[in-house]
Every structure is written in structure tokens, then in C-alpha cells.
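Right, one structure below, let's go through it.
Residue numbering restarts at 1 for every chain, and letters A, B, ... go by the order of the sequence lines. Just the heavy atoms: all of them, side chains too, but no hydrogens, waters or symmetry mates, feed the values below.
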Protein chains: 2
Amino acid sequence: MKLQNGRKIANIQDIARAAGTSIATVSRVLSNADYPVSPLLKEKVLAAAKELNYTPNLLGRMLKSNNNTAIGVVVPNLQNPFFNQVLIGIESEARRRDYELVIYSSHRDPAQERQNIMGMLQKRILGLILFSEDLSSETVEYYVASGGCVALLEANFELETVIRADTDFVEAGRIAARHLIDRGHRRIAFLTSPLTKHSRRKLLEGLKTTCRDMGVPFDEQRDVIVAPSETELDSGLYEFEQGKYLAREFLERRDGHTAIAAVNDITAYGVLQELASQKIAVPEQLSLISFDNLPFSAMLSPALTTVELPSTAMGSTACHLLIDCMEDPDGAVVSRDLVFSYPCRLRVRQSVASI
Amino acid sequence: MKLQNGRKIANIQDIARAAGTSIATVSRVLSNADYPVSPLLKEKVLAAAKELNYTPNLLGRMLKSNNNTAIGVVVPNLQNPFFNQVLIGIESEARRRDYELVIYSSHRDPAQERQNIMGMLQKRILGLILFSEDLSSETVEYYVASGGCVALLEANFELETVIRADTDFVEAGRIAARHLIDRGHRRIAFLTSPLTKHSRRKLLEGLKTTCRDMGVPFDEQRDVIVAPSETELDSGLYEFEQGKYLAREFLERRDGHTAIAAVNDITAYGVLQELASQKIAVPEQLSLISFDNLPFSAMLSPALTTVELPSTAMGSTACHLLIDCMEDPDGAVVSRDLVFSYPCRLRVRQSVASI
DNA sequence: GTGAAAGCGCTAACAG
DNA sequence: CTGTTAGCGCTTTCAC
């Protein structure tokens with residue numbers, strides 16, 4: 001109905017008229033269904049379409065076929081670089097398969113999340129990648145019941161008929177501890193935000209059990225320093241400030257520690273800056289390792305040794321499986337193994353010394 | 001048509017049947033048009049809708065009304081944190097106004113960009129925010145001709161009836177030069193990627209003219225160091241590597257310089273790491289300033305002094321104006337001033353010394 | 001106030 | 001092969 005050089009956008013009727021045929025034929029050639037159409041007419045239709053600058057109205061098609069080649073992505077926010085990494089993976093896969101990405105940020109607000117998912121349903125966006133470490137399953141169940149496919153990233157609730165990706169945080173913790181211990185460290189501190197999240201507790205568990213397994217003392221009272229509270233500002237800056245705070249706290253209570261494991265990269269950046277401002281050289285006087293491997297971590301001085309949590313790969317695989325499910329006519333794919341987990345990888349750089 | 005607990009998703013027919021009325025009435029209450037409906041019927045309809053878990057099908061509505069409450073965003077890529085900052089601004093405004101964000105990444109490929117925009121048109125997404133420093137206007141013109149509204153961010157081509165946001169890079173260059181000179185620097189080097197982009201040339205211009213205006217010698221042969229080529233890998237890592245390269249080059253050719261201006265923050269990170277590895281202390285032995293103010297820049301040691309290019313604000317204002325235009329029935333808004341530019345701001349941190 | 005009916009642009013039977 | 005026709009779910013005249 002919109003104007004285009006004074007004319008409305010051409011529709012198949014216009015094409016049909018111009019090509020001297022019927023809308024059915026036009027539809028058949030333009031949606032290239034494998035339906036026999038005489039070469040002559042085909043040619044004419046194509047020519048008319050080109051002539052009239054035909055732009056198919058996918059709303060019409062979608063309304064008819066009730067499917068939407070878009071997938072919705074709900075992340076807690078866009079500021080946290082980790083989610084950004086996940087998005088990069090999702091985007092590349094979506095583009096490869098010709099799906100659009102509709103992005104919502106929930107700000108960890110269940111009401112907002114619910115609204116986002118309902119919005120998707122209203123537009124018949126039937127594929128959802130949900131990053132939601134601390135929300136519940138109700139809305140998701142409704143979405144699935146309405147015919148949607150979903151991929152859950154790091155969710156803390158169980159649900160059937162759904163793709164799941166989880167990171168093995170215990171293993172991540174183990175890897176970090178092992179590296180530190182291999183390099184001769186015997187007193188390790190874990191600096192963390194409050195242990196309210198599954199992921200953080202698992203990290204701690206990995207650290208702790210590995211220390212014990214390898215004969216290194218680890219005492220939660222002495223070796224774990226927890227930041228007081230957590231305002232979910234999500235600006236990234238908050239975790240950074242928290243890292244500085246934790247470093248100060250650590251230095252006061254330091255008790256023979258030669259290495260710090262920080263709960264994530266941004267916290268480690270804060271630790272690093274605080275240490276630098278107190279003229280404590282990393283890794284010469286104190287070693288530091290953390291978890292994430294944000295791209296920026298390679299750019300620091302010293303470059304940060306960190307356990308890479310698969311983010312981009314997780315995003316791209318989740319998207320890949322999701323699209324498979326969406327395109328699967330009779331849910332056969334669902335019988336495949338839809339829970340996956342990528343290994344964490346140690347990225348050795350310069351912030352851990354051998355002692 | 002999809003199943004939901006074995007039933008299809010309810011549509012207004014179902015509601016009408018359940019409420020004992022007609023689809024017209026249902027539509028009127030459910031789309032809350034300000035159309036008189038008796039309280040009794042209204043009540044019944046609402047009850048039925050709730051009972052049947054009614055989820056309106058926006059495709060139907062959109063097909064009829066030919067408008068889509070989504071806006072498309074085309075950025076070159078998702079890896080560059082600068083675009084990410086812009087996106088954050090766009091997202092917050094879009095959410096506030098209840099618009100969905102459909103995100104495309106063009107990878108600076110005109111064909112891809114064209115395809116993205118065509119895809120939007122096909123879904124009748126009639127609002128576009130395009131970040132495109134080096135593409136041409138053809139597709140955009142077509143989009144506008146088809147009834148779309150567009151906001152151009154940092155575009156290098158002219159176009160009417162369009163919102164534009166541009167950054168005053170000359171002024172950014174001036175601000176940096178002024179700061180350096182105010183702090184006593186008299187020999188400044190500009191480290192940059194190839195001067196193929198408008199923005200970089202403008203930065204140089206601001207630097208150069210300000211030096212001359214303030215009586216500080218600036219010689220392009222001696223004071224500008226250009227990286228050899230530019231592979232648009234866009235991983236962010238490339239600019240970082242380039243920064244290291246430029247720093248090495250600088251050190252070889254250093255000729256009394258006391259300060260470096262790097263073309264952007266990521267390049268500055270590379271410079272900083274190279275300097276650190278060569279044990280050159282910043283800012284004690286050499287000062288460094290750059291352009292962007294990515295969130296990370298505050299997290300380095302030393303924290304980077306940088307000229308903030310408005311990114312988030314630009315995104316949110318662009319989105320704001322775009323939605324105004326889209327919602328404007330008769331293009332009256334277009335007469336307003338639709339070209340805007342935010343001031344760049346100096347963020348003084350620790351990488352520039354007074355000498 | 002209310003409802004019947006005509007589309008929005010497209011696809012898919014169904015008939016020729 | 002081709003065209004007619006009946007919807008997809010919704011909004012919106014236009015009569016009552």
C-alpha cells in the first residue's frame with residue numbers, strides 16, 4: 001500500500017496483470033515452488049517482476065504458512081561482553097541459514113522476559129534462544145506449548161523438548177586450579193561475586209576439589225573472598241569495581257597466597273588495576289587467572305591467562321540446532337541429543353608465573 | 001494453526017464464538033480501538049480471550065495495516081565494541097517505545113547489505129538504522145522510495161529525507177591535540193590505520209590544524225605513522241595487532257616525540273602492550289591518548305585518556321528520531337532538523353602526563 | 001452498539 | 001500447464 005515513486009509496491013496481482021497471466025502462476029514462479037510452468041510464461045513473469053521492482057510481502061506468505069524465518073534471542077543485557085560473544089556466534093549461524101535475528105534484552109526481569117517471549121509469539125517467531133541463568137520455566141513452557149522451539153543457554157531449570165547448552169563450570173575451575181598448581185602455586189585465593197549463581201558455586205567446587213585432589217590446602221574461610229552484594233547494574237563497570245574491591249580485601253587478608261583466581265575476566269581487570277596501583281607486579285609478585293577469555297583479555301599488559309568459556313561456539317551451535325529443529329517437519333530431530341556442552345580451554349598468557 | 005495443548009492457537013473467531021459475538025466486536029475490544037463497545041460484551045470478550053489464552057497474530061494485523069513495529073539495524077559487524085555501544089543505545093530506546101530490533105551484520109559487503117535491506121522490505125520493516133561508513137546510497141534510496149524511514153550513522157554519502165548522525169571527528173582531533181599541548185607536549189605522533197576513511201582523515205585534520213594554531217610543529221612526514229594495509233577482519237584483534245606494529249614503527253622513528261595519539265582505543269591497546277613489553281612506562285616516558293572511550297579503556301593500567309566519541313547516545317537519539325518519523329502519519333516530522341551530532345568529550349585518565 | 005463482508009498479499013487445493 | 005477460488009487472522013467500512 002505504500003508509495004514508491006508514486007505507485008504502490010507491486011504485488012502479485014500487478015505482476016499477473018503485467019505478464020498477462022494469473023496470480024497463481026506468478027506465485028508459482030516467484031516462490032519457485034517446483035511446479036511446472038511453461039518457460040515462456042516464466043520468462044514473462046520474471047520480466048514483469050523485475051520491471052515493477054517486485055518485492056514480495058513476506059507477511060502475506062507468513063500469514064498463510066504460519067512460519068517466520070526469524071529467531072528471537074533473549075539475553076540479560078547487551079553491555080556484558082560475554083553475551084556479546086555469544087551473539088556473534090548466533091549471528092553467524094543465523095546469517096548462514098538466512099534467518100533474521102530479533103534481539104531482546106530482558107535485564108534479568110522476569111516480567112520483561114515474559115513480555116519479550118509473548119511478543120515473539122505474537123509475531124509467530126517460533127525459535128527462541130534464551131540466556132537466562134536465573135529465571136523460571138513457566139513462560140518457556142507456554143512458548144513450547146504454542147509450537148515454539150527453544151534453546152536454553154545456561155538455564156538453571158529443567159525442561160523437556162528443548163535444546164540446552166551448559167558450560168561445565170566445575171571443569172573450568174579444575175583447569176584453573178590444575179594450571180596454578182602445575183606452576184608451583186600452593187596457596188590460591190578465589191575472588192568472587194556472591195555465590196548466588198550456580199556457575200560461581202561450580203567454579204568454586206572445581207577449584208576446591210582439584211586443590212584437595214592434588215594435595216594443596218584450600219580453606220573456604222581463608223581462601224575465598226566474596227564481594228558483599230551485587231547490584232545488577234550490568235554495566236560491566238560494576239564487576240570491574242568489584243574486582244578492585246576484592247583485590248583490596250585480598251591484600252589485607254593475604255596469607256601466603258601466591259595466586260588469585262578471579263571469578264571472571266572483568267573482575268580480573270579490576271584486580272589487575274588495583275594491584276598495579278599498589279605496585280604489585282603481576283605475575284612476578286602475584287599470579288592471576290580468571291574465567292571467560294573475553295577478546296580484551298589478550299590486550300592487557302600482562303595479557304591475562306584465563307580459562308576460556310565457550311561463548312561464540314555455544315551460540316553458533318545452539319542456533320544451528322535450533323534451526324534444525326524449526327525446520328524439522330515432524331520433530332524427529334528432537335530425538336537427537338539436544339544437550340551439548342563445549343570443553344573449556346586454558347589460554348595461557350602472561351599473568352601466571354612459575355614458582 | 002499450531003497446536004497448543006492439542007488445540008490450535010485461538011484466533012478472534014474462536015473468541016467471538018466463545019463470547020457469543022462477532023469477530024468485529026472482538027477485534028474492537030482486543031485491539032482497543034477507541035470504538036464504542038458495550039461494557040457487557042467487552043467483559044465477555046476479555047474473559048473469553050483470557051480463557052482461551054488468546055495470543056494475537058500480529059502477522060494478520062500487519063498484513064492489513066502494512067506496518068511493522070520492528071526496526072532493522074545494519075552494522076558492519078558485531079565484534080567491534082564500538083558498534084556494540086551504539087547498539088546498546090538503540091536497544092534501550094527501542095525497548096522504551098516497544099519496538100523490536102532486527103539486527104543484521106553486513107560485514108561491509110555491499111551485496112550483503114543490499115540483501116539485508118531487501119529482507120527488511122520484504123517483511124515490511126519500515127525503519128532502518130544503517131551504520132555504513134563506506135557504502136553507497138543506491139539501496140537506501142530504494143528503501144526510502146518504498147516507504148521506509150532511515151537513520152544514517154556516519155554515512156559518507158548524501159541523501160534527503162533521512163535522519164543523519166555524524167560525529168565531528170575534526171573536533172575530536174582538536175580536543176586531543178589541545179589536551180596534549182595543554183599538558184606541555186610539543187611533539188606529537190599520530191598512529192593510524194590507512195587514511196582511507198573519512199573519519200581518520202578528519203581526526204588528522206583536527207590534530208594538525210590545532211597543532212599549527214597553537215604553534216606546535218606538526219609534520220605529516222615525521223609525525224604521522226600509517227599502518228601498511230588494512231584487512232577488514234573486524235575481529236578487533238586486527239586493530240590491536242596493528243597498534244603493536246605502529247608502536248614498533250614509532251619507536252624506530254621516534255624523533256623527540258613525547259606523546260602519541262592513536263586512531264582509536266583498540267589501536268591504543270596494542271600500542272600500550274608493545275610499550276609495556278619494551279619497558280617504556282606510560283605516561284612517565286611517553287603519553288598516549290586515543291579516540292572512542294570503549295568501556296575497557298577505563299580498566300587498563302594505566303587507564304586510558306581518550307576522547308569519547310558519542311556512541312550510545314548517538315544510537316539512542318537516532319532510534320528515537322527514527323521512531324518519531326515512522327509514527328508520523330504525514331511526514332511532518334521530516335521538516336524538523338534531522339541531522340544531529342553529539343559533542344565529543346575528553347575523558348581524562350592516566351595515560352597522559354604533564355611535562 | 002453490533003455484525004456481515006470485503007479485503008491486506010500470498011499459497012494451495014481443485015478444476016480445467 | 002494454467003486459472004479460479006478459498007482461505008491465513010486481522011481491521012474496517014458499511015449497513016442495520
**OP:** Map B/G20 and A/G60 onto DNA chain C by nearest heavy atom, then report which one ends up closer to the 5' terminus.
**Re:** B/G20

Original post:
DNA chain C: B/V37 or A/Y54, which has the more 5' nearest nucleotide?
Top reply: B/V37

With side chains defined as the heavy atoms from C-beta onward, is the minimum distance between [X] and [Y] less than 4.5 Å?
X	Y	result
A/L63	B/N57	yes
A/M120	A/V102	no
B/R114	B/Y142	no
A/M62	A/R124	no
A/L78	A/I103	yes

Within this structure, what is the [atom1]-to-[atom2] distance between [X] and [N], rounded to whole angstrom?
X	N	atom1	atom2	value
B/D14	D/dC10	CG	P	9 Å
B/R17	C/dG3	CZ	C1'	16 Å
A/I15	C/dT11	CD1	C1'	16 Å
B/N67	D/dT11	CG	C1'	12 Å
A/N68	C/dG9	CG	P	19 Å
A/L59	D/dC8	CG	C1'	12 Å
A/K44	D/dC1	NZ	P	16 Å
A/L52	C/dG9	CG	P	14 Å

Original post:
OP1 or OP2 of D/dG9 less than 4.0 angstrom from a side-chain nitrogen or oxygen of B/N57, does that happen here?
Top reply: no

Original post:
Is the distance from OP1 or OP2 of D/dC8 to the nearest side-chain N or O of A/S65 less than 4.0 Å?
Top reply: no

**OP:** Considering non-hydrogen atoms only, spot the tightest contact between B/K42 and B/V37 and give its length.
**Re:** N-CG1, 4.0 Å

**OP:** Before giving the answer on side-chain contact (heavy atoms from CB on, under 4.5 Å), spell out for B/L46 and B/L30 the whole-Å C-alpha distance, their side-chain angles and the decisive distance to 0.1 Å.
**Re:** CA-CA 8 Å; B/L46 260 12; B/L30 259 24; 3.8 Å; yes

Nearest to the side chain of [X] - [options]?
X	options	answer
B/R61	D/dT11, C/dC14, C/dG3	D/dT11
B/T21	C/dC10, C/dG3, D/dC10	C/dG3
B/L63	D/dG9, D/dG3, C/dG1	D/dG9
B/T25	D/dT11, C/dT2, C/dG9	C/dT2
A/I23	D/dG9, D/dT4, C/dA4	D/dT4
A/S22	C/dA12, D/dT4, D/dT11	D/dT4
A/L41	C/dG9, D/dC10, D/dG3	D/dG3

Original post:
Sequence neighbours excluded, which residues qualify as side chain to side chain donor-acceptor pair (under 3.5 Å) partners of A/Y54?
Top reply: none

Original post:
When we call it a touch if two heavy atoms are under 4.0 Å apart, what does A/S38 touch: a base, just sugar-phosphate, or nothing?
Top reply: sugar-phosphate

**OP:** State whether the distance check finds a donor on one side and an acceptor on the other, under 3.5 Å, for side chain B/R28 versus base C/dG3.
**Re:** yes

**OP:** Return yes if the base of D/dT12 and the side-chain atoms of B/Y35 contain a donor-acceptor N/O pair under 3.5 Å, otherwise no.
**Re:** no

**OP:** Specify the residues of residues 114-123 of chain A, ordered by number, for which at least one heavy atom lies under 4.0 angstrom from an atom of DNA chain C.
**Re:** none

